[in-house]
There are 2 protein chains.
Amino acid sequence: MTELVERSSAEVIRAEAAKLFFERGYDATSLRQVAAASGLRVGSLYNHIDSKEHLLLQIMGGIMDDLMGSIRLAIDFDGDAVARLRAALAAHLKFHAERAQEVFIGNAELRSLSEQARDVVIAKRHEYELLLQDLIEEAGRASLADVVDARLHVYSFVAQATHIAGWFKPGGRMSLDEIVEIYTRLALRELKVPEA
Amino acid sequence: MTELVERSSAEVIRAEAAKLFFERGYDATSLRQVAAASGLRVGSLYNHIDSKEHLLLQIMGGIMDDLMGSIRLAIDFDGDAVARLRAALAAHLKFHAERAQEVFIGNAELRSLSEQARDVVIAKRHEYELLLQDLIEEAGRASLADVVDARLHVYSFVAQATHIAGWFKPGGRMSLDEIVEIYTRLALRELKVPEA
DNA sequence: GTCTATATTGCGATAGAC
DNA sequence: GTCTATCGCAATATAGAC
């Protein structure tokens, strides 16, 4: 059964803007193009957004909130440190691939935000990285992982997922599940966690 | 002894433009700003560049050529596959950190190029990735490495170096050499190469 | 090579009618 | 909420004097 869900204008605008920002970049995208893609004229946009920059901030803040929620959910079970880390990595990688466009914007367009708006996004990002770092350190303390430097391990995991967001497209050489499986293995190898 | 080397206007313009493109993005940087940073007025720029886009292409093409040259040089010695891979990784990581700004531009501003200019850069990038891939496969054939998927290993190495280019600044928590050493170790762990 | 001046275009944002 | 019209500004690129 197909449900027809009415999306609010604000939702449509955010989705179309994200698509355009991904394809052409924030600065290279005009609000006239966003309006056209949303079935509106440029003047009407301002009934739904405060400014072009605020629109970008909503997109970037939203994706970080969703990412954080997705990982928190994934690790919310009883299990040892490695089991939870493995679950976090899988969710982390899957999220970055599935929502590649918004993730890419979140990384490429940080410079396009004013300093205060950028600080909001960076704070969310830092919170997320600490969550991963805790899992790594926990695995290290339990002697389940050989931690070289927790912070750099986090960076490595973030780097891999971010990179995937730049090239992943459904229907490629590998399925999403295969990619997630392989990258999770590589990540755990970096920690010298014995393969299952 | 300090040598005063006269740089050509074209060189100054490229260097200043790279700095500005890194800080603010290509689209957000005006040629007036590039001119001012180069000690010129905007009209005079056109005695040295064809167009703003061509200036970007020169920067992006140049960094790829330099990267390729640097890695070719690093692996040009007699040694087994792992020794050469290790040398390639160290050069790869060091280059990305030392020339972080241009590397960052090379990744963030691909979208800002026209399709034909983009193809030029992508071809160079592909050639570079094949070079790394060959080293990995060679190590695998020699049973010196446990290769999961050569292409994804390359992506993983590229991802790590690219990510470093986004945050590395001299004078941070770790020296460049320490960072290179750790990341090289992590990379070789992904291939299950025994640590030296 | 440098400069000033300008042509042309498109931008974000707003005003005000409906 | 939608629209049309427009303001004020800044962009790339060019022309032509020196």
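Letters A, B, ... are given to chains in the order of the sequence lines, protein chains preceding strands, and every chain is numbered from 1. Please read these numbers as outputs of a predicted model, since none were measured by experiment.
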Q. How many Å lie between NE2 on A:His54 and C1' on C:dA13, as a whole number?
A. 16 Å
Q: Could you please name the option among D:dT4, C:dC3, D:dG1 that lies closest to any side-chain atom of B:Ser44?
A: C:dC3
Q) Considering only side-chain heavy atoms of B:Arg41, which listed nucleotide, D:dA13, C:dT14, C:dC3, is closest? A) C:dC3
Q) Quick one: does B:Arg24's side chain have a donor or acceptor within less than 3.5 Å of a partner on B:Thr29's backbone? A) no
Q.
Holding to side chain to side chain donor-acceptor pair (under 3.5 Å), I want the full list of residues that pass it with B:Glu181, two or more places apart in sequence or in another chain.
A. none
Q) Just by distance, do the side chain of A:Glu16 and the backbone of A:Ile13 share a donor-acceptor pair under 3.5 Å? A) no
Q: Select one nucleotide: of D:dA13, C:dT14, C:dC3, the one nearest the side-chain heavy atoms of B:Leu40.
A: C:dC3
Q. How many Å lie between CG on A:Leu56 and P on C:dG12, as a whole number?
A. 13 Å
Q) Is the backbone of B:Val34 close enough, under 3.5 Å, to the side chain of B:Ser38 for a donor and an acceptor to pair up by distance? A) yes
Q. Quick one: which of C:dA13, D:dG1, D:dA13 gets closest to the side chain of A:His48?
A. D:dG1
Are any protein N/O atoms closer than 3.5 Å to N/O atoms in nucleotides 15-18 of chain C? If there are, list each pair with its distance.
none

Q. Can a salt bridge be assigned to the pair B:Asp78 and B:Arg84 using a cut-off of 4.0 Å between side-chain N and carboxylate O?
A. no
Q: Over 60° means perpendicular and under 30° means parallel, so classify the ring planes of B:His163 and B:Trp167, tilted if in between.
A: perpendicular
Q: Hey, can you tell me if B:Tyr26 and B:Phe21 have their rings parallel, tilted or perpendicular (30° and 60° cut-offs)?
A: perpendicular
Q: For DNA chain C, find the residues of residues 12-35 of chain A with a heavy-atom distance under 4.0 Å and give them by number; none if there aren't any.
A: A:Thr29, A:Ser30, A:Leu31, A:Arg32
